[in-house]
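Positions are given from 1 along the sequence. These numbers were taken from a predicted model, which means no experiment stands behind them.
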Amino acid sequence: ASSRCERTLEGHTGGVLSVAFAPSGRLLASGSADNTVRLWDLTAEDSRDLYHTGRVQVAFSSQVERLVTGGGDGVLRLWDGGTGAPLWQVEAHSPYVQGVAWSSAGVLATTSGDKTVKLHEAATGCLIRTLEGHTAATRMVAFSSGGRLLASTSCDGTVRLWRPDTGDCLAILPEPASDVWPPGVAFHPRLPRL
């Protein structure tokens with residue numbers, strides 16, 4: 001509300017690539033180029049490290065304290081946010097996981113240098129489907145609030161809108177020219193729950 005810095009969290013030895021809050025607001029996860037996810041307990045002002053291989057991206061479930069991470073090793077991992085215990089891991093992409101997103105419907109989306117977007121069941125990590133169509137590395141990914149739409153960005157200069165339940169590409173939008181990299185994508189929170 002005031003735009004003042006409330007707190008600075010320090011501890012990573014490499015650049016911070018992504019951050020995500022747990023639904024309670026008590027936990028904050030940060031993924032770094034130092035091969036770690038740092039899980040911060042904001043009420044106790046302490047943290048623990050969850051180890052990965054390669055640069056790490058993070059996303060929390062919007063409903064429970066579960067954290068998904070993807071990294072430079074191409075592995076997708078699910079963690080118990082409360083304890084930091086690993087729940088499962090799967091080989092998601094080769095060569096790496098670039099972006100991760102978690103839908104309210106319990107689906108995980110990942111992007112990679114392999115030009116695809118992959119959808120996994122959050123409960124088990126099982127692959128649901130692979131979305132193909134981008135002609136260069138896929139970068140960032142986001143679900144609409146209802147989980148019925150998915151947007152992906154790519155180094156091919158486009159944003160694609162997908163139906164995750166069918167794998168259909170609904171639209172291909174040109175990405176606006178920008179010096180910002182990597183390109184980000186998000187849905188407006190007040191859109192109808194599609």
Side-chain angles (χ1 to χ4, degrees), residues 11-20 22 28-39 48-62 64-81 83-103 105-143 147 150-160 162 164-165 167 169 175 181-186:
H12 283 296
T13 58
V16 175
L17 305 171
S18 63
V19 294
L28 174 72
S30 54
S32 172
D34 66 7
N35 300 339
T36 66
V37 174
R38 191 157 276 217
L39 192 57
R48 73 175 71 96
D49 286 340
L50 311 177
Y51 292 94
H52 231 287
T53 302
R55 304 161 66 92
V56 186
Q57 301 291 324
V58 299
F60 262 108
S61 164
S62 63
V64 294
E65 289 190 345
R66 295 285 188 267
L67 175 69
V68 64
T69 62
D73 54 2
V75 175
L76 190 65
R77 290 177 170 87
L78 186 74
W79 309 85
D80 182 312
T83 65
L87 301 174
W88 56 252
Q89 71 177 38
V90 296
E91 297 287 333
H93 288 276
S94 177
Y96 54 82
V97 174
Q98 175 65 40
V100 295
W102 194 316
S103 84
V107 176
L108 304 172
T110 59
T111 60
S112 176
D114 64 12
K115 307 177 191 175
T116 67
V117 177
K118 292 191 178 181
L119 304 178
H120 295 264
E121 292 179 358
T124 64
C126 290
L127 181 67
I128 299 169
R129 71 179 37 89
T130 300
L131 307 178
E132 297 180 299
H134 282 294
T135 58
T138 51
R139 294 307 229 172
M140 306 306 283
V141 66
F143 284 100
L150 177 72
S152 60
T153 67
S154 168
C155 295
D156 65 13
T158 65
V159 176
R160 287 183 178 248
W162 309 87
D165 59 338
C169 180
E175 198 173 277
W181 189 259
V185 64

| request: Only counting residues at least two apart or in another chain, list the ones meeting side chain to side chain contact (heavy atoms under 4.5 Å, CB included) with Ala123. | output: none
| said: Set out, in order, the CA-CA distance, both residues' side-chain angles and the distance that settles side-chain contact (heavy atoms from CB on, under 4.5 Å) for Arg66 and Asp80, then state yes or no. | reply: CA-CA 5 Å; Arg66 295 285 188 267; Asp80 182 312; 3.4 Å; yes
| request: Of all the heavy-atom pairs spanning Gly81 and Arg48, show the shortest one and how long it is. | output: O-NH1, 3.8 Å
| said: Closer than 3.5 angstrom, by distance alone: can the side chain of Thr111 be matched with the main-chain N or O of Val117 as a donor-acceptor pair? | reply: no
| Within the distance-only criterion (no hydrogens, no angle test), does the side chain of Asp34 pair as donor or acceptor with the backbone N or O of His12 below 3.5 angstrom? | no
| query | Do you know the tightest heavy-atom contact between Ala142 and Ala101? | reply | CA-CB, 4.2 Å
| message | According to salt bridge (charged side-chain N to carboxylate O under 4.0 Å, His left out), does anything in residues 111-126 pair up with another residue at least two apart or in another chain? List the pairs. | response | none
| task | Kindly write out the residues that satisfy side chain to side chain contact (heavy atoms under 4.5 Å, CB included) with Ala59, not counting sequence neighbours, or none if the list is empty. | result | Val68, Val100
| request: Keeping the roles fixed (side chain from Asp49, backbone from Arg38), state whether a donor-acceptor pair exists under 3.5 Å. | output: no
| request: Nearest 0.5 Å please: distance from the CG atom of Leu76 over to the OG1 atom of Thr69. | output: 7.0 Å
| field | Distance in Å, His134 NE2 paired with Thr158 OG1, rounded so as to fall on 0.5 Å steps | value | 4.5 Å
| query | Can you list the residues that meet the salt bridge (charged side-chain N to carboxylate O under 4.0 Å, His left out) rule with Arg160, with sequence neighbours excluded? | reply | none
| said: Once salt bridge (charged side-chain N to carboxylate O under 4.0 Å, His left out) is applied, do any residues pair with Arg55, and if so which ones, sequence neighbours excluded? | reply: none
| task | Check Leu150 against Ala109 and note the closest heavy-atom contact, atom names and distance. | result | CD1-CB, 3.9 Å
| note | When every non-hydrogen atom of Ala29 is compared with those of Leu67, the smallest separation belongs to CB-CD1, 3.7 Å
| said: Using only atom types and a distance under 3.5 Å, with no angle test, would you say the side chain of Thr116 pairs donor to acceptor with the backbone of Leu131? | reply: no
| Say you draw a straight line from CG of Asp156 to CZ of Arg139; how long is it, rounded to the nearest 0.5 Å? | 11.5 Å
| task | Examine distances only and state if a side-chain atom of Ser112 and a backbone atom of Val97 form a donor-acceptor pair shorter than 3.5 Å. | result | no
| Within-4.5 Å side-chain heavy-atom neighbours: Trp162 and Val141 | no
| query | With sequence neighbours excluded, what pairs up with Asp73 under the salt bridge (charged side-chain N to carboxylate O under 4.0 Å, His left out) test? | reply | Arg77
| request: State, with a plain yes or no, whether a side-chain heavy atom of Gln57 is found less than 4.5 Å away from one of Leu17. | output: yes
| Considering only heavy atoms from C-beta outward, does the side chain of Trp79 approach that of Leu39 to under 4.5 Å? | no
| message | Quick check for you: to the nearest 0.5 Å, what is the distance between Leu127 atom CG and Leu108 atom CG? | response | 11.0 Å
| Residue pair Ala137 / Ser154: nearest heavy atoms and the distance that separates them | O-OG, 3.0 Å
| query | Hey, is the main chain of Ala122 close enough, under 3.5 Å, to the side chain of Trp88 for a donor-acceptor pair? | reply | yes
| note | Shortest non-hydrogen pair, Gly147 vs Ser103, comes out as CA-CB, 4.3 Å
| note | CG (Leu119) and CZ (Phe143) are apart, to the nearest 0.5 Å, by 5.5 Å
